[in-house]
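The structure appears below as structure tokens.
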Amino acid sequence: MNKKRKYDLVLFGATGFTGRLVVRYLKAAAARESFSWAIAGRNEAKLYSVASDEGITDVPRLVADIADQASMDELANSCRVLITTVGPYIHYGEPALSACARAGTHYLDLTGEPEFVDKMIVAWDDTARASGAKIVNCCGFDSIPHDHGVLYTVQQLVEAGADPQAEFAVQGYVRASGSFSGGTWHSALNAFARAPRYEAWRRQNRDDLRPADPVRRVKGDAPRIGRNSELSCWTVPMPTVDPQIVLRSAQALPGYGTSFRYGHYACIKNLSTIVAGGIGLPLLFAGAQVPPVKSLLLKVRNPGNGPDQATRAKSRFSVDFFGTAGSRTVHTRVSGGDPGYDETAKMLAEAALCIALDKDTPDFAGVITPAMATGNALI
């Protein structure tokens with residue numbers, strides 16, 4: 001598995017908005033540690049433009065297209081680790097992922113699409129386990145701060161002397177500011193539009209999504225709006241992919257107690273914001289179900305566009321975790337700058353470098369979570 005390859009790491013999607021940010025991060029990383037890498041995409045001229053603009057004309061440029069599976073297979077066989085920023089992943093992700101699962105090549109993406117994650121588990125987990133490939137979804141703001149933040153929090157509970165037989169309960173409270181790209185907008189609208197079909201698919205495939213040998217009982221908090229006095233904010237359940245990822249990690253990794261519970265919330269200062277969201281989100285969801293309305297909504301932002309550097313420089317995020325186990329309690333925090341782009345590029349690149357270069361990552365293969373793939377090495 002993962003035999004000697006020409007490159008340690010290949011970035012597929014280097015010409016996109018987020019891809020360019022990852023290129024910049026990898027360029028800086030290559031100046032401080034040794035690894036071989038290449039950039040890839042379907043348009044050779046655009047790849048050269050990125051290489052020229054970013055001052056990496058010495059980095060190889062590889063042409064591959066998701067519409068040509070043979071080219072994706074060749075790309076996967078050229079490297080030990082493949083990063084892809086090409087989304088929405090439900091439409092464009094499987095050719096790269098399947099090529100890596102078959103080739104024994106480690107794979108990382110930035111999806112926040114629960115449907116894509118679940119369908120790839122059913123379709124490719126067995127193949128990736130057999131080949132030894134780590135197929136790692138959600139390696140950006142969805143879901144590294146939450147997955148590794150919870151892992152760190154339960155470790156602090158253990159260090160504080162928590163009884164491993166007690167129920168471990170963690171709540172994560174997310175505060176974030178920033179804009180979003182056209183790609184993120186398109187992914188969200190597509191997820192809304194596909195939600196009814198996805199729920200029907202989940203009901204049919206529920207057994208295939210359960211771990212064969214769960215280490216512990218895990219469950220999510222019952223959804224509720226509340227108030228966190230310590231953070232001075234209203235708390236609203238966040239229907240993102242993050243709890244799904246956290247609970248899968250808790251089932252697989254040691255240290256989460258014999259049973260584990262997680263709640264994932266947005267931390268919102270004003271009640272009026274919750275009311276506005278309660279009106280706006282259902283309208284957006286309903287609009288996404290009507291093809292003409294969805295087409296109009298998709299035109300609001302085009303893929304490949306995103307916030308400029310000045311906007312990103314003003315953006316911040318923090319996630320506060322409150323953990324309890326028996327009589328023990330801890331409060332931890334993960335925080336950083338622009339969550340959707342600058343920090344996401346860092347998270348994706350560092351997770352890939354961790355898998356490519358570090359020797360002390362957990363020994364998991366298959367379609368797995370960021371914490372299962374990188375553990376404390378990434379922290």
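Worth saying up front: this structure is predicted, and the values here are computed from it rather than measured.
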(message) Measuring from atom CZ of Phe116 to atom CG of Asn137, what distance do you get when rounded to the nearest 0.5 angstrom?
(response) 6.0 Å
(message) Tyr152: which residues meet the ring pair (Phe, Tyr, Trp, His ring centres under 6.0 Å) condition with it, sequence neighbours left out?
(response) none
(request) Scan residues 325-379 for pairs that pass disulfide bond (SG atoms under 2.5 Å apart), counting only residues two or more places apart or in two chains. (result) none
(request) Mind checking side chain to side chain contact (heavy atoms under 4.5 Å, CB included) for Val158 and listing every partner two or more places apart, or none if nothing turns up? (result) Phe168
(request) Quick one: list whatever passes ring pair (Phe, Tyr, Trp, His ring centres under 6.0 Å) with His91, sequence neighbours left out. (result) none
(message) Walk me through whether Asn228 and Gln171 qualify under side-chain hydrogen bond (donor to acceptor under 3.5 Å, both in side chains).
(response) CA-CA 11 Å; Asn228 186 302; Gln171 287 78 42; over 6 Å; no
(message) Are there over 12 heavy-atom neighbours, none belonging to Tyr92, within less than 6.0 Å of that residue's OH?
(response) no
(request) State, with a plain yes or no, whether a side-chain heavy atom of Lys314 is found less than 4.5 Å away from one of Ser177. (result) no
(request) Start with the C-alpha distance between Val122 and Trp201, add both sets of side-chain angles, then the distance that settles side-chain contact (heavy atoms from CB on, under 4.5 Å), and finish with yes or no. (result) CA-CA 11 Å; Val122 172; Trp201 180 91; 3.6 Å; yes
(message) Take a 6.0 Å sphere around CZ of Arg42 and say whether it holds more than 12 heavy atoms from other residues, nucleotides or ligands.
(response) no
(request) Classify the side-chain pair Trp124/Glu94 by whether it contains a donor and acceptor separated by less than 3.5 Å. (result) yes
(message) A side-chain contact here means heavy atoms from C-beta on lying under 4.5 Å apart; do Ser143 and Val246 qualify?
(response) no
(message) Quick test of your reading of the model: are Arg129 and Asp125 salt-bridged, counting only N-O distances below 4.0 Å?
(response) yes
(message) Hydrophobic cluster membership, with links at side-chain heavy-atom distances under 4.5 Å among I/L/V/M/F/W/Y: are Val319 and Leu157 in one?
(response) yes
(request) Go through the structure and list residues passing ring pair (Phe, Tyr, Trp, His ring centres under 6.0 Å) with Tyr107, not counting sequence neighbours. (result) none
(request) Examine distances only and state if a side-chain atom of Thr374 and a backbone atom of Ala351 form a donor-acceptor pair shorter than 3.5 Å. (result) no
(message) Main chain of Ile90, side chain of Glu113: is a donor-acceptor contact present, judged purely on distance under 3.5 Å?
(response) yes
(message) Quick one: does any side-chain atom of Thr105 pair with a main-chain N or O of Asn77 as donor and acceptor, under 3.5 Å?
(response) no
(request) Would you confirm whether Ser295, through its side chain, and Pro291, through its main-chain N or O, come within 3.5 Å as a donor-acceptor pair? (result) yes
(request) Check for a donor-acceptor pair, side chain of Arg316 on one end and backbone N or O of Ala313 on the other, with a separation under 3.5 Å. (result) yes
(request) Quick one: pull up CD in Gln309 and CG in Asp342 and give me the separation to the nearest 0.5 Å. (result) 7.5 Å
(message) Would a single hydrophobic cluster contain both Val330 and Ile379, if residues Ile, Leu, Val, Met, Phe, Trp and Tyr are joined by side-chain heavy-atom contacts under 4.5 Å?
(response) yes
(message) Just so I know, are the side chains of Leu253 and Phe364 near enough to count as touching, which here means a heavy-atom distance under 4.5 Å?
(response) yes
(request) Classify the ring geometry between Tyr256 and Phe260 as parallel (under 30°), tilted (30 to 60°) or perpendicular (over 60°). (result) perpendicular
(request) Locate the shortest heavy-atom distance separating Gly149 from Thr332; write the atom from each residue and the value. (result) O-OG1, 4.3 Å
(message) Under a 3.5 Å distance rule, please check whether Asp163 uses its side chain to pair with a backbone N or O of Gln165 as donor and acceptor.
(response) yes
(request) Would you indicate whether the side-chain heavy atoms of Leu348 and Thr85 approach each other to under 4.5 Å? (result) yes
(request) May I ask you to check whether over 12 heavy atoms, not counting those of Asp363, lie within 6.0 Å of atom CG? (result) no
(request) For side-chain contact (heavy atoms from CB on, under 4.5 Å), just list the numbers for Ile144 and Glu350, CA-CA rounded to whole Å, side-chain angles, deciding distance to a tenth of an Å, and then say yes or no. (result) CA-CA 11 Å; Ile144 280 177; Glu350 287 292 352; over 6 Å; no
(request) Report yes if the side chains of Glu115 and Arg202 come closer than 4.5 Å at any heavy-atom pair, otherwise no. (result) no
(message) Could you measure the distance from the CG atom of Leu9 to the CD1 atom of Ile83? Nearest 0.5 Å is fine.
(response) 4.0 Å
(message) For Gln289, is the CD atom crowded, meaning more than 12 foreign heavy atoms sit under 6.0 Å from it?
(response) yes
(message) Restricting to non-hydrogen atoms, name the atom on Ala356 and the atom on Asp8 that form the minimum distance, rounded to 0.1 Å.
(response) CB-O, 4.3 Å
(message) For the backbone of Leu75 and the side chain of Ser78, can you confirm whether one donor and one acceptor N or O come within less than 3.5 Å of each other?
(response) yes
(request) Hey, could you give me the CG/SG distance between Asn270 and Cys233, rounded to the nearest 0.5 Å? (result) 11.0 Å
(request) Could you check whether the rings of Phe321 and His146 sit parallel, tilted or perpendicular, using 30° and 60° as the cut-offs? (result) perpendicular
(request) Kindly compute the distance separating CG (Leu82) from CD1 (Ile135), expressed to the nearest 0.5 Å. (result) 9.0 Å
(message) Determine whether a donor-acceptor pair (N or O, by modelled atom type, separation under 3.5 Å) exists between the side chain of Arg5 and the backbone of Ala76.
(response) yes
(request) Give the intermediate values and the outcome of side-chain contact (heavy atoms from CB on, under 4.5 Å) for residues Arg175 and Asp320. (result) CA-CA 8 Å; Arg175 290 177 286 191; Asp320 286 80; 2.9 Å; yes
(request) Specify the closest pair of heavy atoms between Ser131 and Cys100, including all atoms of both residues, with the distance to one decimal. (result) OG-O, 4.4 Å
(request) Could you tell me which residues satisfy salt bridge (charged side-chain N to carboxylate O under 4.0 Å, His left out) with Arg24, sequence neighbours excluded, listed by chain and number? (result) Glu54
(message) Tell me whether the count of non-hydrogen atoms from other residues, nucleotides or ligands lying under 6.0 Å of NZ in Lys119 goes above 12.
(response) yes
(request) May I ask you to check whether Tyr265 and Asp221 show a side-chain donor-acceptor distance below 3.5 Å? (result) yes
(request) Give the minimum heavy-atom separation between His148 and Ala371, together with the two atoms involved. (result) CE1-N, 3.5 Å
(request) Please check if any side-chain donor atom of Asn376 sits under 3.5 Å from a side-chain acceptor atom of Gln155, or the reverse. (result) yes
(request) Answer yes or no: are there more than 12 heavy-atom neighbours, outside Glu33 itself, under 6.0 Å from its atom CD? (result) yes
(message) If you apply the rule side-chain contact (heavy atoms from CB on, under 4.5 Å), what do you find for Asp118 with Asn205, and how did you get there?
(response) CA-CA 9 Å; Asp118 280 349; Asn205 292 274; over 6 Å; no
(message) Could you check whether Thr369 and Ser249, counting side-chain N and O atoms only, form a donor-acceptor pair closer than 3.5 Å?
(response) yes
(request) Check whether any side-chain N or O of Thr127 sits under 3.5 Å from a backbone N or O of Arg102 as a donor-acceptor pair, and report yes or no. (result) no
(request) Could you tell me the separation between the CG atom of Leu97 and the CD1 atom of Ile66, rounded to the nearest 0.5 Å? (result) 12.5 Å
(message) Between Thr111 and Asp109, is there a side-chain donor-acceptor contact under 3.5 Å, judged purely by atom types and distance?
(response) no
(request) Look only at the side chain of Asp358 and the backbone of Asp360, and say whether a donor-acceptor pair between them is shorter than 3.5 Å. (result) no
